[in-house]
Amino acid sequence: MKKDIKSLSYAELNSEIVTLGLPRFRSKQIFEWLHKYGVSSFDEMTNISKDLRKKLADIYFISDCEIEQKYVSKIDETVKYLFKLYDGEYVESVIMKYKYGYTICVSSQVGCKMGCTFCASALAGFKRNLEAGEIESQLHSAQKDLNIRISNIVLMGIGEPLDNYENVIKFLHNVNNENGLNISMRNITLSTCGIVPKIYDLMNEELPITLTISLHAPNDIIRSRTMPVNNKWGIDEVLEACREYINRTNRRVSFEYTLIHSVNDTYECAKELSERLHGMLCHVNLIPVNDVAERGNVKSSEENIYRFANVLKNNGINATIRRTLGSDINASCGQLRRKRNGVK
């Protein structure tokens, strides 16, 4: 089978080029075509001979993603894509426009194994991990379609990034490479539901990215009801890993907290969360739950949302309420893939 050349790291590509008996400068040329310019065909590599292009095409393929569906919000210009992959599977990405530029939320897996009860990503089932090149292709396809430069990346789309650790780490290095998209690690956020051993592995990578933990509850009882992963790694283990991560990297950790009416949005929950996070270099991002019909969750009232935020702030916890983007196009990930696959 052919290898996905776009999913190779720079070092791996250079090793392949040397093995083929080619001069090392070809590595930089090919890497730039793949990662800076995002070509989807070897024929687009115009400073490489036709014979070499054919040789490469005989051995490798270039991972790409095709726009299957596209929705543009009339409210805030948020764009949501359903991308079709080479094997007929689908993933989703969202482009969000801010004052500082464009951010993309990318998927890291086709489906998700985690089974969180407020999320649509697992409804169509887990199929496979995305290769590093497939994660990056989401950026290239969106940039070309919108004629924009994406400056920030959030790994919060379909899938659990730390469940696809090796491919995600390779993706991070490739998009950061100066011969590629050259996106600063400080402009990249990785969100995990709390796979504790991989949090420690990520800590040891010493990458200046922003780590975000999907917490969504102040205690194990509530979290285990809504997030099955908590049955393996409870809140105490997750928070201990976060404290070590903060101490090692000296970087603030963010906690995502989806507010669900009468489940985790009470005054008592806010007070307990404040006590658990006391003294940590952290930020809490409060998120009104998305309207996913199959999940049956009810969004907290505006009064409860602001009360929850104020309890955290009054107890010394930095907290903000996430602005809802793309509400008219169901911008939360998982819903387009589910519909395309006919899952009801």
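Throughout, numbering of the chain's residues begins at 1 and tracks the sequence.
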- [ ] Could you tell me whether the side chain of Asn264 and the main chain of Ile260 form a donor-acceptor pair under 3.5 Å?
- [x] yes
Task: Distance, nearest 0.5 Å, that separates NE2 of His35 from OG of Ser137 - done: 9.0 Å
- [ ] Could you point out which residue of Ile153, Ile150, Val175 forms a side chain to side chain contact (heavy atoms under 4.5 Å, CB included) with Leu181?
- [x] Val175
TODO: Taking only Lys NZ, Arg NE, NH1 and NH2, and the carboxylate oxygens of Asp or Glu, determine whether Lys170 and Glu166 approach each other closer than 4.0 Å.
DONE: no
TODO: Name the orientation class of the two ring planes belonging to His216 and Tyr257 (parallel below 30°, tilted from 30 to 60°, perpendicular beyond 60°).
DONE: tilted
Task: Sidechain-backbone polar pair: Tyr165 side chain, Asp201 backbone, donor-acceptor under 3.5 Å - done: yes
Task: Side-chain donor-acceptor pair present, Ser184, Asn187, cut-off under 3.5 Å - done: no
Task: Sole residue of Thr192, Leu172, Asn164, Thr212 in side chain to side chain contact (heavy atoms under 4.5 Å, CB included) with Leu155 - done: Leu172
Open item on the list: Let me confirm one number: the OG-CD distance from Ser191 to Glu256, rounded to the nearest 0.5 Å.
Closed with: 3.5 Å
Task: Short N-O contact, Lys54 and Asp58, less than 4.0 angstrom - done: yes
TODO: Decide, yes or no, whether a salt bridge links Asp236 with Arg276 under the criterion of side-chain N to carboxylate O below 4.0 Å.
DONE: yes
Task: Exercise: do Glu136 and Asn174 side chains pair donor with acceptor under 3.5 Å - done: no
- [ ] Kindly state each residue pair satisfying salt bridge (charged side-chain N to carboxylate O under 4.0 Å, His left out) with at least one member in residues 176-189, sequence neighbours excluded.
- [x] none
Table please: side-chain donor-acceptor pairs of residues 97-104 below 3.5 Å, with sequence neighbours left out.
{"unit_1": "Tyr100", "atom_1": "OH", "unit_2": "Thr103", "atom_2": "OG1", "d": "3.2"}

- [ ] Classify the side-chain pair Glu160/Ser108 by whether it contains a donor and acceptor separated by less than 3.5 Å.
- [x] no
TODO: Please check if any side-chain donor atom of Asn285 sits under 3.5 Å from a side-chain acceptor atom of Ser254, or the reverse.
DONE: no
Open item on the list: Tell me whether Glu131 is salt-bridged to Lys6, with the criterion being a basic N under 4.0 Å from an acidic carboxylate O.
Closed with: no
Open item on the list: So for atom CD, which belongs to Glu77, do other residues, nucleotides or ligands contribute more than 12 heavy atoms lying within a distance under 6.0 Å?
Closed with: no
- [ ] Using distance alone, with no hydrogens and no angle criterion, decide if Glu16 and Tyr60 have a side-chain donor and acceptor under 3.5 Å apart.
- [x] yes
Task: Residues Asp265 and Asn304: side-chain donor-acceptor under 3.5 angstrom - done: yes
Open item on the list: Has Lys113 got a side-chain atom pairing as donor or acceptor with Asp163's backbone, closer than 3.5 angstrom?
Closed with: no
Open item on the list: Taking Asp87 first and then Arg128, would you say they form a salt bridge - that is, a charged N and a carboxylate O separated by under 4.0 Å?
Closed with: yes
Task: Modelled atom types, side-chain donor and acceptor of Asp51 and Ser49, under 3.5 Å - done: no
